[in-house]
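Along the sequence shown, the residues carry numbers beginning at 1. Just so we're clear, the structure is a prediction, and the values are computed from it rather than from any experiment.
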Amino acid sequence: MSGKINLLEVIPYPNERVSVSREGECIRLGIPRFKKQWMQRFLLPKGMSPFVHVTLEEHGTAVWELIDGNRTVGEILGLLGDYFRQEEGYEARVITYIMQLRKDNLIGYRL
């Protein structure tokens with residue numbers, strides 16, 4: 001076995017430390033400033049939010065809403081086909097976006 005993973009077969013799931021809320025039609029993510037709770041307690045200036053907030057744009061929100069820990073990347077791409085109106089190359093853009101979410105530790109993968 002080669003050890004290579006087919007990204008279309010992995011199941012992305014949201015990082016439980018990332019808070020999710022709505023801001024109008026878009027998703028707003030709250031990303032912890034520190035990985036360890038004790039760092040937040042000792043290093044966070046008084047009055048500063050323990051989270052960095054990022055509001056996803058329309059396309060990012062569409063992808064995020066489908067990342068539920070049950071669907072594979074391939075299934076997510078299939079569901080987004082109508083949303084992106086089968087625009088040429090949308091699959092590569094969505095895959096790149098999902099890989100970036102993973103790199104930024106906003107989601108994880110499981111097989």
Side-chain angles (χ1 to χ4, degrees):
M1 192 167 268
S2 67
K4 291 189 180 207
I5 296 172
N6 180 348
L7 186 63
L8 296 177
E9 295 175 359
V10 301
I11 300 170
Y13 60 89
N15 181 331
E16 63 187 29
R17 296 190 66 227
V18 175
S19 68
V20 180
S21 61
R22 278 254 175 224
E23 191 169 281
E25 294 292 317
C26 295
I27 294 287
R28 184 175 190 226
L29 303 178
I31 305 160
R33 290 185 190 273
F34 300 101
K35 290 182 181 184
K36 307 279 186 199
Q37 189 70 25
W38 69 266
M39 294 175 81
Q40 178 176 305
R41 190 169 56 243
F42 292 111
L43 300 176
L44 187 68
K46 192 171 188 155
M48 182 180 271
S49 172
F51 296 95
V52 174
H53 292 97
V54 176
T55 302
L56 303 178
E57 47 77 55
E58 178 185 351
H59 297 315
T61 294
V63 174
W64 185 270
E65 288 177 326
L66 294 174
I67 296 173
D68 63 0
N70 296 310
R71 295 181 182 100
T72 65
V73 172
E75 291 169 332
I76 290 170
L77 287 173
L79 292 169
L80 288 170
D82 289 338
Y83 176 81
F84 283 100
R85 295 177 193 87
Q86 302 299 338
E87 179 181 315
E88 188 174 325
Y90 85 90
E91 297 96 339
R93 289 196 344 260
V94 171
I95 288 172
T96 300
Y97 182 67
I98 289 173
M99 289 172 32
Q100 187 64 48
L101 290 173
R102 173 69 175 116
K103 181 179 175 189
D104 292 340
N105 201 29
L106 301 176
I107 64 170
Y109 294 151
R110 71 169 182 260
L111 299 174

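The shortest heavy-atom contact between Val20 and Leu29 is CG2-CD2, 3.9 Å. When every heavy atom of Glu23 is checked against every heavy atom of Thr55, the shortest pair comes out as OE2-OG1, 3.3 Å. Closest of all the heavy-atom pairs between Phe51 and Arg17 is CE2-O, 3.9 Å. Between Gly30 and His53, the shortest heavy-atom contact is CA-CD2, 3.8 Å. Here the closest heavy-atom approach between residue Pro14 and residue Gly69 is recorded as CD-N, 4.4 Å. Considering all non-hydrogen atoms of both residues, Ile67 and Ile107 come closest at CG2-CG2, 4.1 Å.
Dense packing is recorded around CD of Glu57, with more than 12 heavy atoms of other residues, nucleotides or ligands lying under 6.0 Å away.
A single hydrophobic cluster is not seen to contain both Tyr13 and Leu8; linkage of ILVMFWY side chains at heavy-atom distances under 4.5 Å, directly or through other members, places them apart. Placement of Ile5 and Ile95 within a single hydrophobic cluster is found when ILVMFWY residues are connected by side-chain heavy-atom separations under 4.5 Å, directly or transitively. When hydrophobic clusters are built by joining Ile, Leu, Val, Met, Phe, Trp and Tyr residues whose side-chain heavy atoms come closer than 4.5 Å, directly or via intermediates, Leu111 is grouped together with Leu7.
Within the model, atoms CG of Asn105 and CG of Asn15 stand 5.0 Å from one another, a figure rounded to the nearest 0.5 Å. Between the CG atom in Leu77 and the CZ atom in Arg93 there is a gap of 11.5 Å [rounded to 0.5 Å]. Atoms OG and CD1, on Ser19 and Ile31 in that order, are 8.5 Å from each other to the nearest 0.5 Å. Note: Glu91 CD to Leu80 CG = 10.0 Å, rounded to the nearest 0.5 Å.
With His59 as reference, Tyr83 is the one residue of Tyr97, Trp64, Tyr83, Tyr90 to meet the ring-ring contact (aromatic ring centres under 6.0 Å, His included) rule. Results of the side chain to side chain contact (heavy atoms under 4.5 Å, CB included) test with Pro12 over Asn70, Leu101, Val63, Ile76 single out Ile76 as the only residue that passes.
No donor-acceptor pair closer than 3.5 Å links the side chain of Asp104 to the backbone N or O of Leu106. Side-chain atoms of Arg71 come within 3.5 Å of backbone N or O of Leu66 as a donor-acceptor pair.
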Side chain to side chain contact (heavy atoms under 4.5 Å, CB included) between Tyr109 and Met99, worked out: CA-CA 10 Å; Tyr109 294 151; Met99 289 172 32; 3.8 Å; yes
